Amino acid sequence: MKKLMFFVSVIAMLFLLSYCSSSKRASAKRPLLTYDANLALVINENCVPCHIPAKGGNKKPFNTYEAVRIDIDEMIRRISLNPGDKGYMPFKRPKLADSVINIFKQWKEDGLRER
């Protein structure tokens with residue numbers, strides 16, 4: 001009987017401890033990304049002048065929330081390519097850091113929030 005109680009106690013502890021993961025707590029506290037606070041700055045730093053008409057860009061504009069929201073999947077696909085791949089962005093520039101690419105991906109996962 002003692003062995004059974006010990007076994008049940010160990011199973012119960014493992015079950016309870018599985019809900020104490022630090023990664024679950026960290027993701028729950030992470031603020032949601034927004035276009036205004038996070039993505040607009042990244043775009044203005046990495047997509048000018050080509051995609052910003054006010055800066056002389058003549059490519060598809062990404063200077064508004066709506067334009068970026070509509071084309072986010074294609075943007076993520078192209079910035080994830082390697083230099084030399086057809087369609088790679090940013091054209092004639094070094095590949096964006098993974099942390100920058102993750103901002104685009106996380107914004108999409110967070111629900112494409114504007115503000």
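As a basis for the values below, the full set of heavy atoms in this structure was taken, side chains included, without hydrogen atoms, waters or symmetry mates. Keep in mind it's a predicted model, so treat the numbers as computed, not measured.
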Visitor: Can you check whether R69's main-chain N or O pairs, donor with acceptor, with Y35's side chain at less than 3.5 Å?
Guide: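 Between the backbone of R69 and the side chain of Y35 there is no qualifying donor-acceptor contact (under 3.5 Å).
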
Visitor: At their closest point, which heavy atom of P90 faces which heavy atom of N46, and how far apart are they?
Guide: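 Smallest interatomic distance, heavy atoms only, reads CB-O, 3.9 Å.
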
Visitor: Given 3.5 Å as the limit, does a donor-acceptor pair link the side chain of H51 with the main chain of P61, or not?
Guide: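 Here the side-chain-to-backbone pair does not exist.
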
Visitor: Quick one about D110 and Q106 (side-chain donor to acceptor, distance below 3.5 Å, no hydrogens or angles considered), yes or no?
Guide: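 Result is yes, a qualifying pair exists.
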
Visitor: Please step through side chain to side chain contact (heavy atoms under 4.5 Å, CB included) for the pair I43 and I52, ending with a clear verdict.
Guide: CA-CA 9 Å; I43 290 171; I52 310 297; 4.0 Å; yes

Visitor: Determine, stepwise, if the pair C50 / N58 fulfils side chain to side chain contact (heavy atoms under 4.5 Å, CB included).
Guide: CA-CA 6 Å; C50 303; N58 60 358; 5.7 Å; no

Visitor: Quick one: does K95's side chain have a donor or acceptor within less than 3.5 Å of a partner on L81's backbone?
Guide: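 Yes: the side chain of K95 pairs with the backbone of L81.
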
Visitor: Going hydrophobic residue to hydrophobic residue with side-chain gaps under 4.5 angstrom, can you get from I70 over to L39?
Guide: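 I70 and L39: separate clusters.
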
Visitor: Less than 4.0 angstrom from a charged side-chain N to a carboxylate O is my criterion; do D36 and R113 meet it?
Guide: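 So D36 does not pair with R113 through a salt bridge.
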
Visitor: With a 4.5 Å limit on heavy-atom distance, are the side chains of P53 and N63 in contact?
Guide: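 Yes, their side chains come closer than 4.5 Å.
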
Visitor: Take K108 and D73 through the salt bridge (charged side-chain N to carboxylate O under 4.0 Å, His left out) test and state the conclusion after the steps.
Guide: CA-CA 9 Å; K108 181 181 176 191; D73 290 323; 2.3 Å; yes

Visitor: Heavy atoms only: give me the nearest R93-P49 pair and the separation to one decimal.
Guide: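 Residues R93 and P49, closest heavy atoms: NH2-CD, 3.9 Å.
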
Visitor: Looking at A67, is its backbone amide N or carbonyl O close enough to the side chain of D71 to form a donor-acceptor pair, meaning the two atoms are under 3.5 Å apart?
Guide: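 Such a contact is absent between D71 side chain and A67 backbone.
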
Visitor: Roughly how far, to the nearest 0.5 Å, is CG of L96 from SG of C47?
Guide: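 CG of L96 is found 7.5 Å from SG of C47.
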
Visitor: Enumerate the ring-ring contact (aromatic ring centres under 6.0 Å, His included) contacts for residues 86-115, please, sequence neighbours excluded, ordered by first and then second residue.
Guide: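 The answer is none; no pair qualifies.
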
Visitor: Any chance you could measure F62, atom CZ, to M75, atom CE, to the nearest 0.5 Å?
Guide: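 Here the interatomic distance stands at 4.5 Å.
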
Visitor: As an exercise, state the distance from OG1 of T34 to CG of L112, rounded to the nearest 0.5 Å.
Guide: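 Here the interatomic distance stands at 11.5 Å.
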
Visitor: Closest heavy-atom contact between I103 and L33?
Guide: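 Heavy atoms of I103 and L33 come nearest at O-CD1, 3.6 Å.
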
Visitor: Taking the side chain as everything from C-beta on, heavy atoms only, tell me whether E114 gets closer than 4.5 Å to E66.
Guide: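 Sidechains of E66 and E114: no contact.
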
Visitor: Roughly how far, to the nearest 0.5 Å, is the NZ atom of K105 from the CD atom of E109?
Guide: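 Separation between the atoms: 9.0 Å.
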
